[in-house]
Trainee: 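Below you will find the structure I want to go over with you.
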Amino acid sequence: MDKREGTMQSREHKITHIEPGSIADELEIKPGDYLLSVNGVQIEDVFDYHYQLNEEYVTIVTRSRDGEEWEYEIEKDYEDDLGIEFENGLMDQYRSCSNKCIFCFIDQMPPGMRETLYFKDDDARLSFLQGNYITLTNMKDRDIDRIITYKLAPVNISVHTMDAKLRCKMLNNRFAGEALKKMQRLYEAGIEMNGQIVLCKGVNDKEALAYSIKELTKYLPHMRSVSVVPVGLTKYRSGLYPLEPFTKEEAKDVLRMIRKWQEACMQQWGTHFIHASDEWYLLAEEDLPPADCYDGYLQLENGVGMLRLLLEEFHEALRAGQQKTACAGKISAATGMLAAPFIKKLAEEFMQQHTERQIEVFAVRNDFFGEQITVSGLLTGQDLLRQLKGRDLGDTLLLPCSLLRSGEDLFLDDMTVVELKNALQVNIVIVNSNGQDLYDAFME
């Protein structure tokens with residue numbers, strides 16, 4: 001470690017947290033310091049940072065809060081992180097979406113919500129870091145070059161359709177069709193990808209969906225999976241492209257097509273490849289596929305296999321807890337209209353084994369966004385309050401973690417968990433989205 005003289009002209013990245021026991025902690029780097037360079041390279045963003053760290057010998061330059069510059073020569077294992085978190089997770093400005101998609105959920109939100117909910121991201125770096133899906137329309141050749149050079153994967157792509165003209169129409173972007181060609185470059189470089197199709201009735205379904213699936217199979221095996229999710233439609237669609245929700249019979253048609261392609265893909269490539277999100281099975285009132293149909297649950301963040309995995313984990317916990325005794329008394333659970341019957345069945349199975357416990361499951365209607373929005377992740381605090389106020393909730397109310405923004409206790413409408421707890425006069429427990437945690441919440 002050496003103290004440096006003078007000021008180095010570089011991009012500066014403010015450090016906000018140091019992981020205890022990490023390399024940075026041992027070097028006594030502090031929150032409030034600034035990272036100036038790694039291996040003599042000015043760090044443009046998080047891609048540069050992680051790429052430069054993938055060495056056994058690393059040199060970093062920082063500036064402390066008192067203005068002194070320090071150079072650290074570090075010997076470490078190849079993939080070891082330094083334990084530094086930055087003020088901006090991307091170490092750069094976020095890239096906003098340049099599309100005007102006919103199905104965009106953000107365009108369907110009411111005014112007056114917190115500003116961050118209206119930001120449309122379309123940033124490849126968030127695809128790598130957080131699993132976000134990108135349309136590729138925001139990416140230049142240099143961005144593709146960097147992904148290939150840095151071997152960043154998987155890249156999650158919002159495909160929607162492989163028909164170039166139709167994609168331009170759906171994204172309201174004249175470059176949207178041309179952007180599909182970037183997948184070929186990623187494929188040729190061996191970069192792993194996942195695809196997503198937001199299905200819109202009468203637009204990219206039926207023959208258009210079959211065509212898209214067929215074209216996407218050409219990117220196997222580097223395109224690992226493709227999910228098909230139904231478009232979400234709120235009541236705030238005045239002046240937007242006319243879209244209608246899928247019916248039960250239409251959902252069955254979608255599932256029939258997907259099963260047909262899954263059989264073909266399994267026979268030729270040994271993977272199911274194309275997957276329907278859980279909403280399709282609930283809407284069609286059909287049983288969920290067995291666990292081995294999900295190819296390792298590659299698209300849980302898109303709601304593909306989430307309920308099957310929850311069911312498997314819950315049943316495993318139920319078998320392991322046969323000799324246990326649950327806390328006596330009544331509790332309640334609230335969730336969206338779509339998942340409520342599923343959670344109610346799990347509660348009934350639990351009560352058959354643990355007769356000392358009483359569980360009531362409430363299906364909460366989405367009045368805020370409209371009744372066509374039935375997933376639990378878009379419920380607001382005010383809908384929970386209005387529909388649960390005055391109900392016998394027992395001594396504890398269980399709520400799924402999908403209702404809250406990650407790391408916060410805020411619902412979408414900015415009501416806090418504490419505010420809801422005080423208004424309902426009941427203890428509230430937030431349950432993680434796995435079967436063991438649901439079982440433990442039922443028990444305790």
Trainee: For Ile18 and Pro31, work out which heavy atoms get closest and say how close.
Mentor: CG1-CD, 3.9 Å

Trainee: Are Lys421 and Asp409 close enough for a salt bridge, meaning some N to O gap below 4.0 Å?
Mentor: no

Trainee: Using modelled atom types only, decide if a donor and an acceptor are shared between the side chain of Glu356 and the backbone of Thr325 within a distance under 3.5 Å.
Mentor: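 No; zero donor-acceptor contacts below 3.5 Å.
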
Trainee: Just checking Arg174: does its CZ atom have more than 12 heavy atoms from other residues, nucleotides or ligands closer to it than 6.0 angstrom?
Mentor: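 Check fails, neighbour count at 12 or below.
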
Trainee: Verify, without hydrogens or angle tests, whether Asp45 (side chain) and Asp48 (backbone) share a donor-acceptor contact under 3.5 angstrom.
Mentor: yes

Trainee: Going from CG on Leu216 to CG on Leu180, what distance comes out if it is rounded to the nearest 0.5 angstrom?
Mentor: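 So the gap between those two atoms works out to 8.5 Å.
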
Trainee: When you measure from the side chain of Glu19 to the backbone of Gly83, do you find a donor-acceptor pair of N or O atoms at a distance under 3.5 Å?
Mentor: no

Trainee: I would like to know whether Ile191 and Leu152 meet side-chain contact (heavy atoms from CB on, under 4.5 Å); could you show each step before the answer?
Mentor: CA-CA 7 Å; Ile191 300 297; Leu152 298 171; over 6 Å; no

Trainee: Check this for me, if you would: do Arg308 and Asp278 make a salt bridge, where the nitrogen-to-carboxylate-oxygen distance has to be below 4.0 angstrom?
Mentor: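 A salt bridge is absent here (no side-chain N lies under 4.0 Å from a carboxylate O).
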
Trainee: Testing the basics here: between Met170 and Phe103, what is the closest heavy-atom pair and its distance to 0.1 Å?
Mentor: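 Between these two residues, the closest heavy atoms are CE-CE2, 3.8 Å.
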
Trainee: How long is the straight-line distance from CG of Leu398 back to CG of Asp437, given to the nearest 0.5 Å?
Mentor: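 It is 11.0 Å, given to the nearest 0.5 Å.
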
Trainee: Near Lys344 NZ, under 6.0 Å, is it more than 12 heavy atoms from other residues, nucleotides or ligands?
Mentor: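 Not buried by this count: 12 neighbours or fewer within 6.0 Å.
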
Trainee: A quick test of your reading: do over 12 heavy atoms of other residues, nucleotides or ligands sit less than 6.0 Å from NZ of Lys14?
Mentor: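 No, NZ of Lys14 has 12 or fewer neighbouring heavy atoms, counting only those of other groups under 6.0 Å.
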
Trainee: Please give me the minimum heavy-atom distance between Arg357 and Met443, naming the atom from each residue.
Mentor: NH2-O, 3.2 Å

Trainee: Quick check: do Tyr281 and Asp287 have side-chain heavy atoms less than 4.5 Å from each other?
Mentor: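 The answer is no, as the side chains (C-beta and beyond) never meet within the 4.5 Å cut-off.
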
Trainee: Give the C-alpha distance, both sets of side-chain angles, the deciding distance and a yes or no for side-chain contact (heavy atoms from CB on, under 4.5 Å) between Leu378 and Thr234.
Mentor: CA-CA 10 Å; Leu378 293 172; Thr234 79; over 6 Å; no

Trainee: With a 3.5 Å distance limit and no angle check, can you tell me whether Asn173 reaches the backbone of Cys168 through a side-chain donor-acceptor pair?
Mentor: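 Not at all, since once roles are kept as given, no pair shorter than 3.5 Å links the two residues.
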
Trainee: Of the non-hydrogen atoms in Phe246 and Leu199, which two are nearest, and what is the gap between them?
Mentor: CE1-O, 3.3 Å

Trainee: Counting C-beta onward and ignoring hydrogens, is there a side-chain heavy-atom pair between Tyr150 and Asn54 closer than 4.5 Å?
Mentor: no

Trainee: Does Asp253 come within less than 4.0 Å of Arg256, counting only side-chain N to carboxylate O?
Mentor: yes

Trainee: Return the CD to CG distance between Glu55 and Leu53, rounded to the nearest 0.5 Å.
Mentor: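 Glu55 CD to Leu53 CG: 9.5 Å, rounded to 0.5 Å.
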
Trainee: Applying ring pair (Phe, Tyr, Trp, His ring centres under 6.0 Å), name anything that partners Phe411, two or more places apart in sequence or on another chain.
Mentor: none

Trainee: Between Lys235 (side chain) and Ile373 (backbone), is there a donor-acceptor pair under 3.5 Å?
Mentor: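 Flag not set: sc Lys235 to bb Ile373 has no pair under 3.5 Å.
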
Trainee: With a 4.0 Å cut-off, would you call Lys345 and Glu348 a salt bridge?
Mentor: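 Salt bridge: no.
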
Trainee: Check whether Lys182 reaches the backbone of Met139 with its side chain - one donor and one acceptor, N or O, closer than 3.5 Å.
Mentor: yes

Trainee: Examine distances only and state if a side-chain atom of Lys248 and a backbone atom of Glu250 form a donor-acceptor pair shorter than 3.5 Å.
Mentor: no

Trainee: According to side chain to side chain contact (heavy atoms under 4.5 Å, CB included), who are the partners of Leu300, at least two apart in sequence or on a separate chain?
Mentor: Tyr297, Met306, Leu309

Trainee: Side chains of Thr161 and Asn204: donor-acceptor distance under 3.5 Å anywhere?
Mentor: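 Side-chain D/A pair, Thr161 to Asn204: absent.
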
Trainee: Determine whether Met193 and Tyr187 make a side-chain contact, defined as any pair of heavy atoms from C-beta on separated by less than 4.5 Å.
Mentor: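 Result yes, sub-4.5 Å side-chain heavy-atom pair found.
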
Trainee: What's the spacing between Ser376 OG and Leu379 CG if we round to 0.5 Å?
Mentor: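 Between atom OG of Ser376 and atom CG of Leu379 there are 6.5 Å.
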
Trainee: Could you check Thr137 against Phe175 for side-chain contact (heavy atoms from CB on, under 4.5 Å), going step by step and ending with a plain yes or no?
Mentor: CA-CA 7 Å; Thr137 59; Phe175 302 109; 5.5 Å; no

Trainee: Roughly how far apart are Leu318 CG and Glu349 CD, rounded to 0.5 Å?
Mentor: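 It is 6.5 Å, given to the nearest 0.5 Å.
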
Trainee: Can you tell me if NZ on Lys206 sees more than 12 non-hydrogen neighbours from other groups inside 6.0 Å?
Mentor: no

Trainee: Are more than 12 heavy atoms from other residues, nucleotides or ligands located less than 6.0 Å from atom CD of Glu178?
Mentor: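 Open.
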
Trainee: Under a 4.5 Å cut-off applied to non-hydrogen side-chain atoms, are Ile60 and Gln52 in contact?
Mentor: no

Trainee: Return the set of residues passing ring pair (Phe, Tyr, Trp, His ring centres under 6.0 Å) with His275 (not counting sequence neighbours), or none when no residue passes.
Mentor: none

Trainee: Would you call Tyr133 and Glu301 a side-chain contact if the rule is heavy atoms closer than 4.5 Å?
Mentor: yes

Trainee: Would you check if the side chain of Asp413 reaches a backbone N or O of Gly381 as a donor-acceptor pair within less than 3.5 Å?
Mentor: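 Side chain of Asp413 to backbone of Gly381: a pair is present.
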
Trainee: By ring pair (Phe, Tyr, Trp, His ring centres under 6.0 Å), which residues pair with Tyr49, not counting sequence neighbours?
Mentor: Phe86

Trainee: With a 4.5 Å cut-off on side-chain heavy atoms, are Val41 and Tyr51 touching?
Mentor: no

Trainee: Between His354 and Phe442, is the gap from one ring center to the other below 6.0 Å?
Mentor: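 Ring-ring flag for His354/Phe442: false, centres at least 6.0 Å apart.
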
Trainee: Does a donor on one side chain sit under 3.5 Å from an acceptor on the other, for Thr247 and Glu249?
Mentor: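 Absent: no donor and acceptor within the cut-off.
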
Trainee: Taking atom CD of Gln184 as the centre, does the number of heavy atoms from other residues, nucleotides or ligands within less than 6.0 Å exceed 12?
Mentor: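 Result for CD/Gln184: enclosed.
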
Trainee: For the pair Asn302 and Ser277, evaluate side-chain hydrogen bond (donor to acceptor under 3.5 Å, both in side chains) and give the outcome as yes or no after the intermediate values.
Mentor: CA-CA 7 Å; Asn302 264 337; Ser277 66; over 6 Å; no

Trainee: Applying side-chain hydrogen bond (donor to acceptor under 3.5 Å, both in side chains) as the test, list every pair that has at least one member in residues 262-274; sequence neighbours left out.
Mentor: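 The answer is Thr271-Asp295, His272-Asp295.
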
Trainee: Does a side-chain heavy-atom distance below 4.5 Å link Ser158 with Gln196?
Mentor: yes

Trainee: Would you say Trp261 and Lys214 make side-chain contact, with heavy atoms under 4.5 Å?
Mentor: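 Trp261 vs Lys214: side chains touch.
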
Trainee: Taking all non-hydrogen atoms of both residues into account, name the closest pair between Arg167 and Val159 and its distance.
Mentor: NE-O, 2.9 Å

Trainee: Take Asp395 and Ile331, measure what side-chain contact (heavy atoms from CB on, under 4.5 Å) needs, and give me the verdict at the end.
Mentor: CA-CA 6 Å; Asp395 56 27; Ile331 62 172; 3.4 Å; yes

Trainee: Taking only residues two or more places apart in sequence, or in another chain, which ones meet Arg224 in a salt bridge (charged side-chain N to carboxylate O under 4.0 Å, His left out)?
Mentor: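 With neighbours one apart ignored, the set is Glu192.
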
Trainee: Spell out, as yes or no, whether a donor-acceptor pair under 3.5 Å connects the side chain of Gln382 to the backbone of Asp367.
Mentor: no

Trainee: What are the two closest non-hydrogen atoms of Ile23 and Asp81, and how far apart are they?
Mentor: CD1-O, 3.8 Å

Trainee: Give, for atom NE2 of His315 and atom CZ of Phe350, the distance between the pair rounded to the nearest 0.5 Å.
Mentor: 12.5 Å

